[in-house]
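Since the structure comes first, as structure tokens, the remarks are kept for the end.
Throughout, a chain's letter reflects where its sequence line sits, starting with A, and its residues are numbered from 1. Keep in mind it's a predicted model, so treat the numbers as computed, not measured. These values consider heavy atoms only, across backbone and side chains, with no hydrogens, waters or symmetry-generated copies.
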Protein chains: 2
Amino acid sequence: MAAPAEPVRRGPYAKTVERRRHILDAAHQVFAARGYHAGSLREVAGEAGISLSNLTHHFPTKEDLLLAVLEQRDRDGAAAKAPAVGLRENLLAQARAAGLPESGAVGFRDRLLAQARANESIPGLIALYAVLSAESTTSDHPGREYFVGRFSLLRSAYLQEFEALREAGRLRDGVDPQIAASSLVALWDGIQLQWLLEPEKVDVAAHLAAFLDLVILPQPNLR
Amino acid sequence: MAAPAEPVRRGPYAKTVERRRHILDAAHQVFAARGYHAGSLREVAGEAGISLSNLTHHFPTKEDLLLAVLEQRDRDGAAAKAPAVGLRENLLAQARAAGLPESGAVGFRDRLLAQARANESIPGLIALYAVLSAESTTSDHPGREYFVGRFSLLRSAYLQEFEALREAGRLRDGVDPQIAASSLVALWDGIQLQWLLEPEKVDVAAHLAAFLDLVILPQPNLR
DNA sequence: GTCTATACGATGATAGAC
DNA sequence: GTCTATCATCGTATAGAC
């Protein structure tokens with residue numbers, strides 16, 4: 001999954017990129033508030049102050065627009081400092097920006113739980129990701145490639161963390177870092193879904209903490 | 001969540017229930033193949049060999065039809081013997097039908113993993129549940145109550161199992177049965193999602209087994 | 001009760017003029 | 001690039017036959 005970063009801009013069409021960014025902001029707002037299916041292109045166009053056809057000129061299909069929103073979010077999240085604007089991809093970026101080593105036992109648990117709690121303030125966006133990731137599994141969905149890459153990125157990021165913990169002797173015996181990494185991603189997604197349905201009854205951070213306490217040893221494992 | 005079992009049939013309209021069942025089968029097939037949004041009512045009507053108006057006569061809205069499909073599935077699953085036709089609700093029903101105690105350490109792990117492997121044969125249906133459960137989190141979705149009840153049922157079923165394990169001294173110290181139960185549901189949902197995206201790279205049963213091995217002790221914990 | 005025919009408003013998408 | 005106009009399809013509603 002080699003990321004081509006940014007589509008080529010053939011000339012100094014600064015106005016176009018600005019317009020696109022403006023549209024993406026409007027679309028992000030509409031999708032987060034109403035969801036993907038409930039939010040219409042006409043509403044996005046109205047929010048952006050342009051016509052529907054002008055919108056579809058920049059983004060031919062609704063799904064193209066959606067994917068552009070998601071990718072824009074990833075770029076913003078990677079560059080941002082506050083955890084609230086990111087979801088999970090920027091955990092590593094945050095560590096890097098803070099001058100910490102990219103992986104390692106120090107702070108992994110704290111950073112993860114902080115991100116989990118920050119997510120509680122953006123239930124609309126969490127729900128959007130939940131719906132989209134599930135929808136993307138259906139045949140030939142255009143968002144499929146995005147979510148395959150997203151899950152792959154998350155798994156490898158957590159894999160780094162768990163391997164660093166193992167080298168520090170802080171991984172419980174018998175725990176496979178690979179399984180632990182994908183399980184952490186899965187647990188997070190799943191418990192967020194339950195939280196979305198019953199926010200007052202489910203504590204996402206508590207579940208993640210319990211899982212990490214099962215996998216990570218408080219003291220180095222001397223053998 | 002008191003279940004009123006079956007809507008009242010005022011008279012001996014056997015033809016109506018038969019027709020409804022026929023429609024539900026067609027709708028189930030269409031939704032599982034195309035998803036909820038992509039599958040249209042006209043396609044369901046065509047599949048069932050009836051007119052669109054006749055379809056909407058029996059099920060006024062698309063969401064009514066969907067909920068009826070889900071409930072029909074639950075009834076079938078509870079009455080069926082093969083695990084392949086059920087998802088997870090029928091774990092207890094299976095144990096009951098097999099003459100086993102409803103909860104207890106014996107066979108819980110095996111039954112769970114068998115169900116996980118059986119689910120691999122029905123990816124379309126797993127994807128449907130994944131999409132619907134995520135969609136139901138959006139505001140005032142008619143499927144919301146169903147999935148709230150479904151998650152509640154699953155959690156309490158697993159809670160019974162983990163509490164029985166704890167009484168048998170086979171639960172790891174520090175493990176909260178409540179957290180373990182909701183975590184198991186969450187892990188299952190989440191890892192199934194990753195499996196739907198990359199079936200060849202993700203082993204659902206292996207992840208569930210690894211989690212249970214973390215929580216459940218192979219030998220009674222003598223203290 | 002059961003079924004059909006027809007039509008309405010909204011949606012995503014397209015074609016062509018300026 | 002931006003617009004107006006138009007299209008097929010969607011879920012839904014209504015009127016009425018047997």
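Residue A:Thr56 is in base contact, counting any heavy-atom pair closer than 4.0 Å across all strands shown.
If you check residues 42-53 of chain A against DNA chain D, the residues with a heavy atom closer than 4.0 Å are A:Ser51, A:Ser53, listed by number.
Across the protein-nucleic acid pair, A:His22 atom NE2 and D:dT2 atom C1' stand 15 Å apart, rounded to whole Å. Residue A:Lys62 contributes atom NZ, which lies 18 Å from atom P of D:dT9 at whole-angstrom precision. The distance from atom CG of A:Leu65 to atom P of C:dG12 is 10 Å, rounded to the nearest whole Å. Atoms CZ (B:Phe59) and P (D:dT12) sit 14 Å apart, rounded to a whole Å. Across the protein-nucleic acid pair, B:Leu66 atom CG and D:dG11 atom C1' stand 14 Å apart, rounded to whole Å. Atom pair B:Phe31:CZ and D:dC10:C1' shows a separation of 13 Å (rounding to whole Å applied). At whole-Å resolution of the value, OH in A:Tyr36 and C1' in C:dG12 are 9 Å apart. Rounded to whole angstrom, the span from the CD atom of B:Glu18 across to the P atom of C:dG1 amounts to 18 Å.
Contact annotation: A:Thr16 reaches the phosphate of D:dG1 (side-chain N/O to OP1 or OP2, under 4.0 Å). Distances shown here put every side-chain N or O of A:Asn54 at or beyond 4.0 Å from the OP1 or OP2 atom of D:dG1. The shortest distance between the side-chain N/O atoms of A:Arg19 and the OP1/OP2 oxygens of D:dT2 is below 4.0 Å.
Between B:Leu113 and B:Ala209, the shortest heavy-atom distance links the atoms CD2-N, 3.8 Å. The two atoms that bring B:Ile179 and A:Ala210 nearest to each other are CG2-CB, 3.7 Å, heavy atoms only.
Taking the centre and axis of the six-membered ring of A:Tyr36, the NZ or CZ atom of A:Lys62 falls inside the cone set by 45° and 6.0 Å.
Ring geometry for A:Phe211 versus B:Phe211: interplanar angle under 30°, hence parallel rather than tilted (30 to 60°).
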Legend entry - side chain to side chain donor-acceptor pair (under 3.5 Å) evaluation trace for B:Gln29 with B:Asp25: CA-CA 6 Å; B:Gln29 179 178 331; B:Asp25 287 342; over 6 Å; no

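Among the nucleotides C:dG12, D:dG1, C:dC3, the one closest to any side-chain atom of A:His57 is D:dG1.
Between the A:Thr56 side chain and the A:Phe59 main chain, no donor and acceptor come within less than 3.5 Å of each other.
Side-chain atoms of B:Gln194 and A:Arg155 form a donor-acceptor pair, as typed in the model, at a separation below 3.5 Å.
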